[in-house]
2 protein chains.
Amino acid sequence: MGNRSLLIDAASAELSEHGLDVSIARIAARAGVAKGTVFNHFSSKEELISAIFCDQLDTLAATGETLLEHTDPRAALLQFMSAGAELQANDRAFCEAAAATSRAHPAIRAASDRLAQVAEALTARARQAGVVRADVTGHDIVLLLNAPTRIAAPLAGARSDLWRRYLHLIFDALRPEAGHELPVAAPTNADFTTAATR
Amino acid sequence: MGNRSLLIDAASAELSEHGLDVSIARIAARAGVAKGTVFNHFSSKEELISAIFCDQLDTLAATGETLLEHTDPRAALLQFMSAGAELQANDRAFCEAAAATSRAHPAIRAASDRLAQVAEALTARARQAGVVRADVTGHDIVLLLNAPTRIAAPLAGARSDLWRRYLHLIFDALRPEAGHELPVAAPTNADFTTAATR
DNA sequence: ACCTGAACACCGTTCAAGT
DNA sequence: ACCTGAACACCGTTCAAGT
C-alpha cells in the first residue's frame with residue numbers, strides 16, 4: 001500500500017473524528033510519514049480534503065442511483081435524504097465540508113453535478129407521483145441534505161439522534177399539503193456556476 | 001470613546017464582512033491599536049467574539065419580546081424567524097457563530113436562554129391559535145433560526161435572497177396540516193445543559 | 001492602569017538535501 | 001521518483017518594558 005493510500009485513510013479517520021480543523025501534522029503522524037510527504041501527494045490541505053469529499057459525494061450519488069429502482073418514489077426520496085444526513089451525522093468533516101466547500105474545485109463540481117442529477121431524478125418521480133410539492137427541485141434537495149445535521153449540531157453532544165427530528169420536519173415541508181407559494185425561485189444550474197466562479 | 005468600544009466596533013465590522021476567521025491583527029489595525037491591546041480588554045479572541053455574539057442574541061430576543069404584542073400569532077412567529085435569519089444573512093460571523101458556538105460560555109448561555117424563552121412564548125401563542133403543529137417547541141424554533149442561511153450558504157454569492165425560500169419552506173413545515181409524527185422528541189433544557197458541559 | 005511590540009508556540013507550505 | 005526535516009510566513013497569545 002502506497003503512502004497516498006495511507007494518507008487518505010489517515011486523513012479520513014482524523015477528519016471524521018475532529019473535523020476540518022485537524023492539523024496536517026496529526027494526519028501525517030497517523031499515516032506514519034513526515035509532514036512534507038503530504039505535499040508530495042496533494043498540493044495543499046484543501047486538495048487532500050477535496051479528494052476525500054468527492055469520494056463521499058460519489059458514494060451518496062451511487063446510493064441515490066440505486067434508490068431510483070425503488071418502487072415507492074416517496075420512500076426512495078426519504079431514504080436518499082436520510083442517507084445524506086446520516087453520513088454527515090457520522091462524519092464531522094463531511095458535515096462541515098458540505099456547508100462550507102465552494103463548488104469552484106472541478107472535481108467537486110463534477111461530483112456535485114452528479115449528485116444534483118440523481119436528486120432531480122428522485123424528486124421528479126416523487127413529484128409525478130403527487131407525494132412532493134410541485135415547486136421543489138433536485139437542487140433544493142441537495143441544499144437541504146445538510147440541514148438536519150446543522151440544525152441539530154449545537155446539541156450533537158447531548159442528543160446524537162436529534163438530526164432525525166429535523167430530517168422528518170423538513171420532509172414534511174415537502175408534502176403537497178404543506179405548500180404555500182414560496183417567495184423566491186429555486187436555484188438553477190446557472191446559480192451554481194456563478195457561485196463557483198466567485 | 002475608549003479602546004474597548006473601538007475594538008468592539010472594529011471587530012463587529014470585520015467579523016460581519018469576513019466571518020469568524022478574521023485575524024486579530026486586522027481587527028487591531030482597524031481599531032488603530034496594537035495587537036497586544038486586544039488582550040488587555042478581552043482574555044481571548046473567543047471572548048471578544050462572545051461579547052459581540054451576545055449583543056446580537058439580545059437584540060433578537062428584544063425583537064421577539066416586541067412581537068409578543070402583535071395581534072396575529074402566526075405573523076409574529078414568522079417575523080421573529082425572519083428577523084433571526086435576516087441578521088445572519090447580513091452578518092457572516094453571526095451566521096457561523098450561531099452554528100458553531102457552544103453554550104458553555106455563561107454569558108452566551110444567559111442570552112441563549114432569554115432567546116429560548118421568547119421563542120417558546122411566541123410558539124405557544126401560535127400553537128394555541130392552531131396555526132402551528134402541536135409537537136413543535138420554542139427550542140425547535142431557536143435551532144431552526146439559522147437553517148435558512150446555512151441551507152442557502154453555498155449559493156450566497158449568486159443568490160443573496162435565496163435564504164427566504166428556505167425560511168418559508170421551513171415555516172410551511174410548522175403548519176398543523178404538514179404534521180406527520182416526528183420520530184425523535186424535541187430538545188429539552190436538560191439537553192442544552194448537557195451539551196454545554198461537554 | 002493601559003499600551004506597545006518583540007517573543008513564543010502553533011499552523012500550512014516550501015525546499016534543499018538525501019535515498 | 002519519493003522522502004525528510006529544517007526553514008518560512010502566518011496565526012493567537014504572552015509579557016517585559018514603557019507611559
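Values reported hereafter were calculated over all heavy atoms of this structure, with side chains retained and with hydrogens, waters and symmetry mates removed. Every chain is numbered from 1 and lettered A, B, ... according to where its sequence line falls, protein lines coming before strand lines.
- Atom CH2 in A:Trp163 sits 12.5 Å away from atom CD1 in A:Ile151 (nearest 0.5 Å).
- Listed by chain and residue number, A:Asn189 satisfy the side-chain hydrogen bond (donor to acceptor under 3.5 Å, both in side chains) test with A:His139 (two or more places apart in sequence, or in another chain).
- Side-chain contact between B:Phe42 and B:Ile8 is present, with heavy atoms from C-beta onward closer than 4.5 Å.
- Contacts between residues 9-36 of chain B and DNA chain C, counted as heavy-atom distances below 4.0 Å, involve B:Val33, B:Ala34, B:Gly36.
- Partners of B:Asp191 according to the side-chain hydrogen bond (donor to acceptor under 3.5 Å, both in side chains) rule, which considers only residues two or more places apart in sequence or in another chain, are A:Arg159, B:Thr188.
- Distance check: A:Thr37 OG1 to A:Leu7 CG gives 7.5 Å after rounding to the nearest 0.5 Å.
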Expected list for residues 15-22 of chain B: side-chain donor-acceptor pairs under 3.5 angstrom, two or more places apart:
{"from": "B:His18", "atom 1": "ND1", "to": "B:Glu14", "atom 2": "O", "distance (Å)": "3.4"}
{"from": "B:His18", "atom 1": "ND1", "to": "B:Glu14", "atom 2": "OE1", "distance (Å)": "3.1"}

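- Put simply, NZ on A:Lys45 is 14 Å from P on C:dT14, counting in whole angstrom units.
- For A:Phe39, whose side chain is taken as the heavy atoms from C-beta onward, the closest listed nucleotide among D:dT13, D:dT4, C:dG12 is C:dG12.
- Minimum atom distance to the side chain of B:Asn40 is reached by C:dC2, of the listed C:dG12, C:dC2, D:dG12.
- You'll find the side chain of B:Phe171 reaches within 4.5 Å of the side chain of B:Arg74, heavy atoms only.
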Can you give the donor-acceptor pairs under 3.5 Å from side chains of residues 110-122 of chain B to other protein atoms, not counting sequence neighbours?
{"from": "B:Arg114", "atom 1": "NE", "to": "B:Glu65", "atom 2": "OE2", "distance (Å)": "3.1"}
{"from": "B:Arg114", "atom 1": "NH1", "to": "B:Asp58", "atom 2": "OD1", "distance (Å)": "3.1"}
{"from": "B:Arg114", "atom 1": "NH2", "to": "B:Glu65", "atom 2": "OE1", "distance (Å)": "3.1"}
{"from": "B:Glu120", "atom 1": "OE1", "to": "B:Gly138", "atom 2": "N", "distance (Å)": "2.7"}
{"from": "B:Glu120", "atom 1": "OE2", "to": "B:Arg127", "atom 2": "NH2", "distance (Å)": "3.3"}

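- Computed from coordinates, the A:Glu47 CD to C:dT13 C1' distance equals 14 Å when rounded to whole Å.
- To the nearest angstrom, C1' of C:dC2 lies 14 Å from CZ of B:Phe42.
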Seminar exercise, completed: Taking Watson-Crick and G-U wobble contacts under 3.5 angstrom, with | marking pairs to another strand and [ ] crossing pairs, the secondary structure of DNA chain C is written ||.|||||...|||||.||
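- Nearest-nucleotide mapping onto DNA chain C: of A:Glu46 and B:His41, the residue sitting toward the 5' end is B:His41.
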